[in-house]
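Notes follow the structure.
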Number of protein chains: 2
Amino acid sequence: MEDNAKPSGTDVPTLADVAVAAGVSTATVSRCLNSPDRVTQKTLKIVMDAVDRLGYSPNYSARALAAGRTNTIGAIIPTMENAIFARGIQAFQEELQQNGCTLLVASSSYRQDLEEEQIKTLTVRGADALLLIGYQRDPKVYEFLAKRKIPAVLTWVSDPDSDHLSVGFNNRQAMKSLAELVLENGHKVIGCITAETSANDRARDRVSGIRDAMKEAGLDPSELLVEETQYSIENGDVAFRKLMAARPRPTAVMCGNDVLAVGALRAASALKLEIPGDVSITGFDDIELASVAPVPLTTVHVPHRRMGQFAAQALMAALNGNAPDNIELPTSICFRETLGKAPAPNKR
Amino acid sequence: MEDNAKPSGTDVPTLADVAVAAGVSTATVSRCLNSPDRVTQKTLKIVMDAVDRLGYSPNYSARALAAGRTNTIGAIIPTMENAIFARGIQAFQEELQQNGCTLLVASSSYRQDLEEEQIKTLTVRGADALLLIGYQRDPKVYEFLAKRKIPAVLTWVSDPDSDHLSVGFNNRQAMKSLAELVLENGHKVIGCITAETSANDRARDRVSGIRDAMKEAGLDPSELLVEETQYSIENGDVAFRKLMAARPRPTAVMCGNDVLAVGALRAASALKLEIPGDVSITGFDDIELASVAPVPLTTVHVPHRRMGQFAAQALMAALNGNAPDNIELPTSICFRETLGKAPAPNKR
DNA sequence: AGCCAAAATGTAAGCGCTTACATTTTATAT
DNA sequence: ATATAAAATGTAAGCGCTTACATTTTGGCT
């Protein structure tokens, strides 16, 4: 029993199989799939019927090899374990999908060396473009990307001066606005709990924002009490206790994100401190967590979903040869209940 | 000015370039890269030097096309916006990376139709294997995967009866254990807040677990008050209020996950109900959030990270032609402060 | 009907890699 | 030294697709 015909066993049909089935050339099938307007209605139908009948779907490796594009976008985020990134990336992904692209995610654990490695990995894997968080990295990385002609969009930051494409927000300004509000409430001794500023430009900018506001208010920015730690509730708790042990004791503690702030809130509760009666606390990000806190958190709202969406759009534009503009999204302050007037000195 | 030599412009070196540079054939270079032990130490060195010198890195599309493998694993999760999945997937990814594989993540928004679509997409994109959440899906999906010879591991569930590979835990048993604890505390009227059970087998199993325990304790399982909703703090809040309006009013509310439980806790606080004095509340998952709750949450601890890790190992094994065993990871109960004795009838 | 540009389709050459098979080199035993 | 098996390397044929270029078909004119 000869079986010289295509071994219709279990294996996946190829473009050539479709071409045979439809009685056209492979080029025509390819065109039907990729630019349907370059073929007749009639052939399109014949080919598409064959496609359906055989259950054909293109082999992306082959397509990528032949076309020189993978339609895959890479994203490198500090961690997946944080709702903030998750939400923005989710929106990014949804937008990409609309454009026929797939997302490849890697995480760097907030480590610059790992991030560089991941950038290499993703480009080698064929990412056509990249989403990166923050702007701080070795210039060589940008050179590498430029040389390979791989567009990258920087997010979670806004960097209008630079010519790197960015879609994000102004961390410094956002935090400054919040700090102004704190100062207006009469606070003079301010504490701050932040992520490690050496490897995290967003964190650094936020701290700078506080200092900016202090300076403008006539306070000495060097008197800002800073606790650096990694983002976690537990660490926020510990850092808050340290700040409360300082003399003079801060009457307001501004946290680098909501997670730290929730930790601070927990510590405050354990220390029997009234919020905001005894101490005011602020956050950053406005995640859902903020609303469960024993006292609703005053924080900075960041439009994560829109950021992800716009970032995707910018990248698609860059991939199509356009030069998209940088986008700086506005943030806003969520004034809730953890920020209040500084306690009168005697009350302390 | 002729430039017949390789246009050493900006473009990326290929395997052939390396072969020329090293004075060997492309096959040898390929072997150096993929099975170094099939090559002399000497040639290996020569070739690797050339690789370094040229900054060569392989083109994955070409490799995938030629080898028929992409070294890419797909994962489809209900949502990225939930720390639970994030953590398990993160561990999964780390383990994959150790094995030279890349993760492709897609999300299904808890919708079965979207999940099927994503499965198609990912396999078409060349995923060599898949991580899926839960076991409930159209049998055709499994047939499709089997036909394409794509190994899949089911996680977040344990399904020893079935012959589908799974690495997870027993939702029903875990919730039953917790329910037993609730019953031992004298609760007779139980409420339950769960994700929609029609499309979520984990949620369904958990509810069944509660009923199992009720039955064994001589209670009528049909009296379990069930509120179905989507996972979110807000929804947990709303559902809890509904349950509190029921008569007889539940003295214990078991939630399908910690997020719902935190919402319930918030509502309880707003309703001026003492926890656990007036009502007991339980969660599931043991996420960090549980520890910030105004009252530390009694919940089920799930070893997410280990689950992710083992799932990756199982998949790698399957890819190497082995038949890995199903793994059922033990869960444990975190007894904290939201579960207490049922209030005496007069106290209500 | 006959001409011609435009539209549709076909032909075939790769894209960069892996791998079966052929050939050469090396090591081992006589 | 010589024969022989084993190890190392080379040769070249694809993997399934896209796309420049060549060829054929179509349809609007005169």
Side-chain angles (χ1 to χ4, degrees), chain A residues 6-7 9 11-48 50-51 54-72 100 123-126 128 148-149, chain B residues 6-7 9 11-48 50-51 54-72 100 123-126 128 148-149:
Chain A
K6 75 199 80 146
D11 42 30
V12 183
T14 71
L15 218 194
D17 295 334
V18 176
V20 170
V24 299
S25 73
T26 60
T28 300
V29 177
S30 178
R31 278 189 284 258
C32 286
L33 263 24
N34 298 311
S35 34
D37 34 314
R38 293 178 76 293
V39 297
T40 323
Q41 282 297 316
K42 208 180 64 181
T43 34
L44 183 61
K45 181 166 180 348
I46 295 175
V47 169
M48 284 323 202
V51 165
L54 299 185
Y56 168 79
S57 50
N59 176 320
Y60 278 72
S61 302
R63 177 178 278 192
L65 178 57
R69 287 178 293 98
T70 60
N71 288 318
T72 295
T123 54
V124 158
R125 290 268 172 188
D128 289 337
R148 296 249 177 163
K149 301 223 193 337
Chain B
K6 75 200 86 154
D11 43 29
V12 183
T14 71
L15 218 194
D17 295 335
V18 176
V20 170
V24 300
S25 74
T26 59
T28 299
V29 177
S30 178
R31 278 189 283 258
C32 287
L33 263 25
N34 298 311
S35 34
D37 34 316
R38 293 182 53 353
V39 125
T40 321
Q41 282 297 318
K42 208 180 66 184
T43 36
L44 183 62
K45 181 166 179 349
I46 296 175
V47 169
M48 285 322 206
V51 165
L54 299 185
Y56 168 79
S57 50
N59 176 321
Y60 276 72
S61 301
R63 176 178 281 194
L65 178 57
R69 285 179 295 98
T70 59
N71 288 318
T72 295
T123 53
V124 158
R125 291 268 173 189
D128 290 337
R148 296 248 179 167
K149 300 222 193 342

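Sequence lines set the chain letters: A, B, ... in the order given, protein chains first and strands last, and positions in each chain run from 1.
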>> Just N and O in the side chain of A:S61: are any of them under 4.0 Å from OP1 or OP2 of D:dC17?
In response: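 Negative; the distance criterion is not met.
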Measure from [atom1] on [X] to [atom2] on [N] and round the result to the nearest Å.
X      : N      : atom1 : atom2 : result
B:R125 : D:dG16 : CZ    : P     : 18 Å
B:L44  : D:dA7  : CG    : P     : 18 Å
A:R38  : C:dA7  : CZ    : P     : 10 Å
A:D37  : C:dA8  : CG    : P     : 9 Å
B:R31  : C:dT18 : CZ    : P     : 11 Å
B:Y56  : C:dG16 : OH    : P     : 10 Å
A:N59  : D:dT18 : CG    : P     : 10 Å
A:N71  : D:dT18 : CG    : P     : 10 Å

Just compare [options] and give me whichever is closest to any side-chain atom of [X].
X     : options                : answer
A:A66 : D:dG10, C:dC15, D:dA8  : C:dC15
A:T43 : D:dT18, C:dT9, C:dT11  : C:dT9
B:A62 : D:dT18, C:dC17, C:dG10 : C:dC17

Below 4.5 Å, heavy atoms only, C-beta onward: do [X] and [Y] meet side chain to side chain?
X      : Y     : answer
A:I46  : A:V24 : no
B:M48  : B:L33 : yes
A:P58  : A:L15 : no
A:V124 : B:Y60 : yes
B:V51  : B:V47 : yes

>> Nearest heavy atom decides the nucleotide; on that basis, is B:T26 or A:S25 closer to the 5' end of DNA chain C?
In response: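 The residue closer to the strand's 5' end, by nearest nucleotide, is A:S25.
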> Between B:S35 and B:D37, is there a donor-acceptor pair closer than 3.5 Å when you use the side chain of the first and the backbone of the second?
Replying inline: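 Here the side-chain-to-backbone pair does not exist.
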>> I'd like to know if the side chain of A:T40 reaches the main chain of A:K42, judged simply by a donor and an acceptor atom lying under 3.5 Å from each other, with no hydrogens or angles considered.
In response: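 Here the side-chain-to-backbone pair does not exist.
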>> Need one value for B:S30: base, sugar-phosphate or nothing, where a base atom within 4.0 Å counts as base even if backbone is also close, heavy atoms only.
In response: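 Since a base atom lies under 4.0 Å of B:S30, the category is base.
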> Base, sugar-phosphate, or nothing: which does B:T28 touch, judged by heavy atoms less than 4.0 Å apart?
Replying inline: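 If one applies the 4.0 Å heavy-atom cut-off, B:T28 turns out to touch the sugar-phosphate alone, with no base involved.
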> Using the C1' atoms of five pairs at each end, what's the angle between the two axes of the helix from C:dA1-D:dT30 to C:dT30-D:dA1, to 10 degrees?
Replying inline: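 Taking the rotation axis at each end, their angle is 30°.
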> Does B:L65 or A:L33 map to a spot on DNA chain D nearer the 5' end, using the closest nucleotide for each?
Replying inline: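 It is B:L65 whose nearest nucleotide is closer to the 5' end.
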